[in-house]
2 protein chains.
Amino acid sequence: MNSTGQTRKEEIIKTAAKLFKEKGYSAVTMRDLAKAVNIRAASLYNHIDSKQDILKSIIISLAEEFTRGMETIKNSEDVTINKLRAIVALHVNITIHNTYGMASLNNDWMHLEDQLDHYLSLRKNYEQDFVEIIKSGIEAQEIRDSNPEIIMFSILTTLRSLYLWIPKKEDLKGQELAKNLGDVLINGINPKSTKA
Amino acid sequence: MNSTGQTRKEEIIKTAAKLFKEKGYSAVTMRDLAKAVNIRAASLYNHIDSKQDILKSIIISLAEEFTRGMETIKNSEDVTINKLRAIVALHVNITIHNTYGMASLNNDWMHLEDQLDHYLSLRKNYEQDFVEIIKSGIEAQEIRDSNPEIIMFSILTTLRSLYLWIPKKEDLKGQELAKNLGDVLINGINPKSTKA
DNA sequence: GACCCAAACTAACAACCGTTAGTTTACTGA
DNA sequence: TCAGTAAACTAACGGTTGTTAGTTTGGGTC
């Protein structure tokens with residue numbers, strides 16, 4: 001631990017995530033990363049196994065965090081609208097506390113090697129759970145009877161892109177953002193819809 | 001022109017866009033691209049100036065296409081809801097006829113060199129026009145009085161991600177998709193909202 | 001049949017890539 | 001005071017990168 005309460009390894013991974021967000025995994029060299037943490041490239045290997053290992057750390061831990069969140073939400077007894085609000089809050093919270101990592105999760109997952117299948121499996125399950133929640137909401141007439149996959153896609157891509165947008169809105173608190181965003185995504189923008 | 005009605009240069013750029021979508025600009029080598037068009041890397045340079053030149057061709061032409069579309073929409077006399085539907089249709093149409101290029105536009109713009117400032121300027125103006133349309137819709141009480149930037153962000157990120165999703169829905173016609181998507185984005189998913 | 005030229009080729013360049021080996025530095029606890 | 005150790009360093013490796021130079025190929029035109 002250093003004065004900021006994080007190990008050197010954590011600092012390297014965090015810095016890497018920041019660089020990956022700016023240029024993407026492939027365009028960031030180990031020498032770029034080393035310069036950003038003020039050491040030489042070879043010294044990085046005292047702390048990490050490989051460049052690939054850094055990407056794996058960033059992406060898999062985030063993906064598993066989403067999976068755990070979804071597990072809790074889908075097992076809750078709440079109505080669909082509240083489950084959707086919980087999903088929005090899940091994305092907002094994770095994105096706020098790991099904005100840089102979200103960029104890698106979105107854009108660099110295909111550069112995973114050993115862990116690619118594991119990641120794809122987590123993502124597929126997440127999307128299936130999401131679409132099931134929407135379908136049961138349609139059955140319960142809680143949400144409009146539109147194509148469930150279009151609804152899921154529309155919400156999920158907005159949530160997945162939050163990392164691009166949250167840094168520009170530092171004034172907006174997490175809960176406030178989750179509420180605003182939930183309103184727009186769930187009630188739409190048409191003023192004739194009833195406030196939920 | 002060859003039998004498919006496209007020049008070798010066009011074929012190279014199209015193939016490059018496909019590869020860029022799969023792995024990103026930086027991870028695609030000129031040898032990868034050459035193999036995909038069945039020639040040697042050096043032969044590519046009989047048709048294109050540089051790797052950077054390919055990226056520029058893909059991104060700038062698309063960005064200018066969006067700019068022209070937005071110009072037409074914002075100068076139309078239509079009501080806000082219809083302008084928004086026109087924006088949805090603009091994205092759906094461009095994405096259908098250039099799915100691969102949309103990936104580069106979204107993910108690889110930061111690797112533009114000389115043309116980066118030009119691209120950023122086009123994007124900034126597009127987003128400003130978009131948010132102005134939403135603001136005037138709120139004033140006219142055509143759309144709900146929520147944060148205009150959250151509304152714009154929510155719609156635009158969905159539209160920008162269409163390239164990820166359209167290939168999986170080949171059965172869905174463009175107009176049909178534009179209508180479905182417009183309904184979800186404009187009327188939301190809450191069944192209590194009035195159908196527009 | 002000689003010529004042209006677009007478009008392919010082979011070979012190679014200098015720079016850069018991730019990574020390893022071996023060494024030095026600076027702090028810690030006995 | 002000195003051995004131990006984490007973490008930095010220098011140097012270099014084999015491979016890959018975008019690109020250039022120079023050459024060959026093959027179909028169309030006079």
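Just so it is clear: chains get the letters A, B, ... in the order the sequence lines come, proteins before strands, and each one is counted from 1.
What separates CZ of Arg8(B) from P of dG27(D) is a distance of 15 Å, to the nearest Å. Atom CD1 of Ile48(B) and atom P of dA7(C) are 13 Å apart (whole Å). Atom CD in Gln52(B) sits roughly 12 Å away from atom C1' in dG18(D) (whole-Å rounding). In this structure, Lys51(B) atom NZ and dT19(D) atom C1' are separated by 12 Å, rounded to whole Å. For the pair Glu11(B) CD and dA7(C) P, the computed distance is 12 Å after rounding to whole Å. The separation between Asp53(B) atom CG and dT20(D) atom P is 12 Å, rounded to whole Å. Here the C1' atom of nucleotide dC17(C) and the CE atom of Met30(B) are 18 Å apart, to the nearest Å. The distance from atom CG of Leu19(B) to atom C1' of dT17(D) is 16 Å, rounded to the nearest whole Å.
Listed candidates were dG18(D), dC9(C), dA11(D). Nearest to the side chain of Ala42(A) is dA11(D). Closest to the Arg40(A) side chain, of the nucleotides dC9(C), dC9(D), dT19(C), is dC9(D). Taking the side chain of Ser43(B) as heavy atoms from C-beta on, and the options dA8(C), dG18(D), dT19(D), the nearest nucleotide is dA8(C). Listed nucleotides: dT20(D), dG18(C), dA8(C). Nearest to the side chain of Tyr45(B): dT20(D). Nearest to the side chain of His47(A), among dT17(D), dA7(D), dA8(C), sits dA7(D). For Ile39(A), whose side chain is taken as the heavy atoms from C-beta onward, the closest listed nucleotide among dA8(C), dA8(D), dT19(C) is dA8(D).
If you find the closest nucleotide of DNA chain D to Ala41(A) and to Arg31(A), the one lying nearer the 5' end belongs to Ala41(A).
Within 4.0 Å (heavy atoms only), Val28(A) reaches sugar-phosphate atoms of the nucleic acid but no base atom.
Using a 4.0 Å cut-off between charged nitrogen and carboxylate oxygen, Arg85(B) and Asp183(B) count as a salt-bridge pair.
The two atoms that bring Gly182(B) and Val88(B) nearest to each other are N-CG1, 4.2 Å, heavy atoms only. Residues Leu44(A) and Ile12(A) share a closest heavy-atom pair of CD2-CD1, 3.8 Å.
Within 3.5 Å, a donor on the side chain of Asn46(B) pairs with an acceptor on the base of dA8(C), or the reverse.
Ring geometry, Phe66(B) versus His91(B): the interplanar angle falls from 30° to 60°, so the pair is classed tilted. Using the six-membered ring where Trp is involved, Phe20(A) and Tyr25(A) have ring planes that are perpendicular, over 60° apart on the 30 and 60° scheme.
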